[in-house]
Structures are given as structure tokens and as C-alpha cells.
Amino acid sequence: MEQKSVRESVVASWTNDVIPSLSGLVAIPALSPAFDAEWAKSGHLAAAVDHVREWIAARDLPGASLEVVQLEGRTPLLLVDVPATPGAADKGTVLMYGHLDKQPPVGGWSEGLGPWTPVIRDGRLYGRGSVDDGYSGYAATTAIEAVHAAGGEHARIVLLLETGEESGSPDLPAYVEHLADRIGEVSLVICLDAGGSDYERLWLVTSLRGMLHLDVTVQLLGAAQHSGIASGVVASSFRILRHLIERLEDSATGELLLDELKVDVPANRLSELKAVSEEFPEALSKAFPLVEGGRVVTEDALELMLNNAWRPTLSVIGADGFPKPADAGNVLRESTTLTLSFRLPPTADAEKAIEAVKRALTTDVPYGAKVTLGAPQAENGWNAPAESPWLTTALRTVGDEVFGRPHRATGMGGSIPFMGLLSRKYPDAQFLVTGACGADSNIHVPDEWLHLEYAQQVTEAVAHILDAHARG
């Protein structure tokens with residue numbers, strides 16, 4: 001392809017067409033179902049799908065078909081099917097993925113900014129869903145258009161834009177099964193729901209952690225009691241729960257203790273993380289807004305990256321059974337509930353891990369307390385397959401011609417359940433997990449923003465890789 005034509009096409013599309021429509025998508029409060037029990041009634045997810053569908057339908061994608069697919073009781077999904085160019089009909093299917101649902105707004109946005117108010121400031125588009133992940137459908141479509149504008153080639157492309165990713169993609173397996181015949185044999189997966197440590201190069205995510213999630217309730221009393229009368233006789237439910245959690249995690253170090261939650265780090269992934277830690281020694285240690293005097297768990301950059309990408313962690317993300325401090329009397333409460341969220345190494349077996357956690361929490365419980373486990377979830381992580389020669393060459397070209405520096409590969413501490421599902425279903429496919437997210441893009445928190453120039457470069461890179469795949 002002619003490099004100038006690719007770039008001109010991408011820049012023109014983003015400037016004239018993408019940014020106005022993406023801004024309109026930001027304005028739609030399309031909360032993921034986990035955060036909006038009335039999503040079907042509110043219609044915001046459907047509105048987001050329709051908004052993007054109308055935009056793609058107006059683009060110049062020769063022979064493309066669009067369909068909103070919605071199985072009974074499930075969130076809607078946008079399916080875009082683009083035929084292969086004449087010379088690439090035998091290259092299988094490129095499956096491109098993004099999502100249109102959003103995290104909750106969360107309070108504390110800066111002055112002049114808000115979750116549903118698109119604002120462009122200093123080359124950034126602010127608003128919930130701008131970078132996570134509303135831009136993805138626009139970038140994918142614009143990349144396909146750029147291939148055509150530059151006289152390039154691409155295999156058949158199926159673009160899936162779901163609306164449940166922020167809830168753990170509970171509906172996506174059903175859709176992949178339902179659409180299996182229409183998707184066909186996938187040879188390349190492109191996911192645009194990721195990013196890296198800066199906006200100077202293309203970042204590949206080569207591993208994703210799995211996750212466990214469950215509520216645990218400890219109850220010893222049938223009813224709350226005066227703490228002066230009952231304490232010292234009846235154990236606190238919180239103390240019992242704290243003891244049970246100590247079976248899972250060393251509170252002094254954060255190390256998880258169950259063997260089922262641990263794996264050995266593959267040599268190639270260790271090498272990738274070493275390279276990134278040497279080039280970006282403060283990528284993680286300076287990434288987060290610590291309080292004055294606060295510090296990260298270690299100053300060793302490689303250890304931080306291993307902790308984040310390949311080691312299990314536990315976070316307590318919710319609690320129940322506690323009064324607010326202003327309402328707290330001298331009472332020994334009858335029960336304590338905590339929500340435990342685990343991140344698992346990419347190659348750990350999530351089902352074995354959750355069974356091990358359940359055993360640790362329910363075996364030999366002190367004082368005969370009652371333990372109840374609720375809302376269990378378990379998702380495997382993902383580790384990328386070996387890179388094909390055509391992809392290696394394409395990435396070098398992208399580094400030289402688009403960014404002017406080599407790409408980097410790293411692990412991501414979060415989860416994209418769809419990647420694990422696809423790797424099992426299409427074991428021979430290549431994977432390109434990338435995107436426009438940066439460490440400071442504020443995904444899931446106030447002031448989320450998309451780096452517009454970088455998003456255009458990622459779009460340009462995807463166009464080159466589509467062409468390289470068709471010719472490889």
C-alpha cells in the first residue's frame with residue numbers, strides 16, 4: 001500500500017467523520033448491564049448500537065452488511081460483515097472486536113468535564129467510553145476504508161461490537177456459538193480494547209490475567225448484641241473473616257498462598273517484560289495518584305510488571321453488614337460480608353482456582369461460624385500464540401513507517417474474557433491485541449480521555465496489518 005494514501009485517508013476520516021460521531025456516542029449513558037439492571041427498559045445500550053450502526057452504514061465499505069443481533073434476554077450486538085478484496089478470498093476471516101457498553105460515571109470529574117459530556121481539550125476527547133472502548137468500531141471501520149483508499153488488500157472481515165464487556169461479557173459466548181457459521185474460520189483476531197505505557201509506539205498485549213469474583217459472608221450471631229456484653233465471649237464475624245482471608249493472602253506482602261492460583265512465567269513473556277521494564281522503569285511506579293508519602297509495593301520495575309501481569313492478586317472491592325461510621329453504635333454485628341476480586345495469571349485454570357478458594361474459606365471455620373459464598377465468577381486469562389513471520393514483518397513496518405520506533409509487547413493486568421474464548425475456539429489464529437489506552441487514560445475513573453492523534457496512528461497501523469495479513 002502507498003503509505004501517504006493510508007495516512008491521508010485515516011486523518012481525513014477521523015477529523016471530518018469519526019470525532020463528531022464518537023462525541024455523540026460519548027453522550028449516550030450506555031451503562032453495562034452490571035451497573036444498570038433496567039438496561040433493556042432504558043434503551044441506552046440499544047441507542048449506542050444504533051448510533052454506531054448508522055455511522056458505519058454511511059461509510060464506503062464495498063459489499064458490507066450490518067445487522068443488530070439480539071438473542072432473547074441478552075444484550076444487543078452489532079455485526080458488520082465486510083467481504084474480502086478479490087485477491088484475499090482464501091485468507092480466512094479477520095475477527096475484529098470492540099465494545100460499546102460503559103463503566104459507571106463515578107464522581108469527581110474535573111471542572112468543565114463530565115461522563116456524558118464530550119469535550120475536546122488539548123488533543124484529547126474526554127468522556128466515558130471515549131477510549132474504553134467506544135472508539136474501536138470507528139477505528140476498525142476507518143482502517144478498512146484506508147486499505148481500500150490505498151489500493152490494498154484485506155481478507156473477509158467480521159466486526160463484532162458487544163454491549164456487555166464491562167460486565168464480564170456474559171452474553172458473548174452465546175453469540176459466538178450462535179454466529180459460528182457466519183463468522184467462519186478465523187485466521188486473525190484484532191482487539192482494540194488495550195494499550196500501553198506511552199503514546200509513542202504501537203503496544204501489543206500478549207497476555208491477559210483471568211479473574212475470580214465472589215462474595216463471602218461470615219455469621220456467628222443470630223442477632224446483633226451489645227459489644228460490652230458479648231465481646232470476649234462471641235468472636236467478631238469480621239475477625240473470623242479476616243482469619244479466613246489470611247489463608248488466601250499474606251497481608252504483609254500481598255502474596256497469594258494457594259498453589260492453584262500460581263503459574264511459572266513463560267520465558268518469552270519474561271523477556272518481553274524485562275525489555276519494557278528497562279526502557280520504562282517508572283511505567284508503573286509513577287502511574288497512579290498515591291497520597292503524599294505513599295509508595296508502590298516495590299521499587300523494582302520488573303517485579304511490579306510481573307506482579308501486574310503474571311501473579312495473582314486479591315482486592316476487597318465491596319462490603320456489607322457495616323453501618324456508616326456516624327451510625328456505628330457499640331454493637332457486635334451478626335455478620336460481615338466482603339466481595340473478593342482475584343486476578344489470576346494468564347495460564348492459571350480459573351475453575352481449579354475458585355474451587356481452591358472455596359475450600360479455604362469453608363473448611364475448619366473458627367468457632368463453627370456459618371460461611372456463605374455468593375455470586376461466584378471464574379474466567380480464564382489468555383496468553384498469545386507464537387507470532388507468525390508475516391505478523392513480525394508487518395509490526396516492523398508499522399514501527400518504521402507509522403510510529404518511527406519499534407513496537408513493544410507486554411502483559412496487561414486486566415481481563416478481556418473474549419480473548420480466552422477465541423483462543424480456544426480458533427487455536428490456529430493470530431492475535432493482535434492493541435489499542436489507544438495509555439496508563440493515564442483514566443479508564444473506569446473520572447476524566448476518561450482518548451488521545452486523538454495516537455488513536456489515528458493505531459488506526460493506521462491496523463490498516464497496514466490487514467493488508468499484510470492478506471498478502472502473507
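Positions are given from 1 along the sequence.
Comment: K91 does not engage E185 in a salt bridge, judged by the lack of any side-chain N to carboxylate O separation of less than 4.0 angstrom. Taking the charged nitrogens against the carboxylate oxygens, R124 and E448 have no contact shorter than 4.0 Å, which rules out a salt bridge. One finds a salt bridge joining D17 and R59 here, because a Lys/Arg side-chain nitrogen approaches an Asp/Glu carboxylate oxygen to under 4.0 Å. Salt bridge status for E67 with R53: absent, with no side-chain N to carboxylate O gap under 4.0 Å.
Judged purely by distance below 3.5 Å, without hydrogens or angles, the side chains of D101 and W39 never pair a donor atom with an acceptor atom. Of the N and O atoms on the side chains of D467 and H154, not one donor lies less than 3.5 Å from an acceptor on the other residue. Checking E387 against T392 by side-chain atom types alone, a donor-acceptor pair falls below 3.5 Å. There is a side-chain donor-acceptor pair under 3.5 Å between S110 and D447. With 3.5 Å as the limit, one finds no donor-acceptor pair spanning the side chains of S130 and Y135. Using a 3.5 Å distance cut-off with no hydrogens or angles, the side chains of E272 and T206 do pair a donor with an acceptor. Judged purely by distance below 3.5 Å, without hydrogens or angles, the side chains of T339 and H213 never pair a donor atom with an acceptor atom. For the residue pair D400 / T397, no side-chain donor-acceptor distance below 3.5 Å is found, with atom types taken as modelled. Looking only at atom types and distance, the side chain of T85 has a donor-acceptor partner in the side chain of E153 under 3.5 Å away.
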### Message
For E249 and F342: C-alpha separation, side-chain torsions, deciding distance, then whether side-chain contact (heavy atoms from CB on, under 4.5 Å) applies.
### Response
CA-CA 11 Å; E249 177 194 48; F342 298 82; over 6 Å; no
### Task
Walk me through it: do V265 and L306 pass the test side-chain contact (heavy atoms from CB on, under 4.5 Å)?
CA-CA 9 Å; V265 182; L306 288 168; 4.1 Å; yes
### Message
Using the rule given for side-chain contact (heavy atoms from CB on, under 4.5 Å), can you reason through W382 versus F418, listing the C-alpha separation, both sets of side-chain angles and the distance that settles it, and then say yes or no?
### Response
CA-CA 9 Å; W382 169 78; F418 192 37; over 6 Å; no
### Message
Is there a salt bridge (charged side-chain N to carboxylate O under 4.0 Å, His left out) between R156 and D81? Walk through the geometry before answering.
### Response
CA-CA 8 Å; R156 175 173 175 257; D81 191 336; 2.8 Å; yes
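Y138 has its side chain within reach of L25: a pair of non-hydrogen atoms, C-beta onward, lies under 4.5 Å apart.
With S441 as the fixed residue, the side chain to side chain donor-acceptor pair (under 3.5 Å) test singles out one of Y199, Y454, W449: Y199. Partner of L188 under the side chain to side chain contact (heavy atoms under 4.5 Å, CB included) criterion, out of L95, V94, I157: V94 alone. Partner of P312 under the side chain to side chain contact (heavy atoms under 4.5 Å, CB included) criterion, out of L261, N307, V263: L261 alone.
Ring-centre distance between W390 and H469: below the 6.0 Å cut-off.
In terms of modelled atom types and a separation under 3.5 Å, the side chain of D193 and the main chain of G98 share no donor-acceptor contact.
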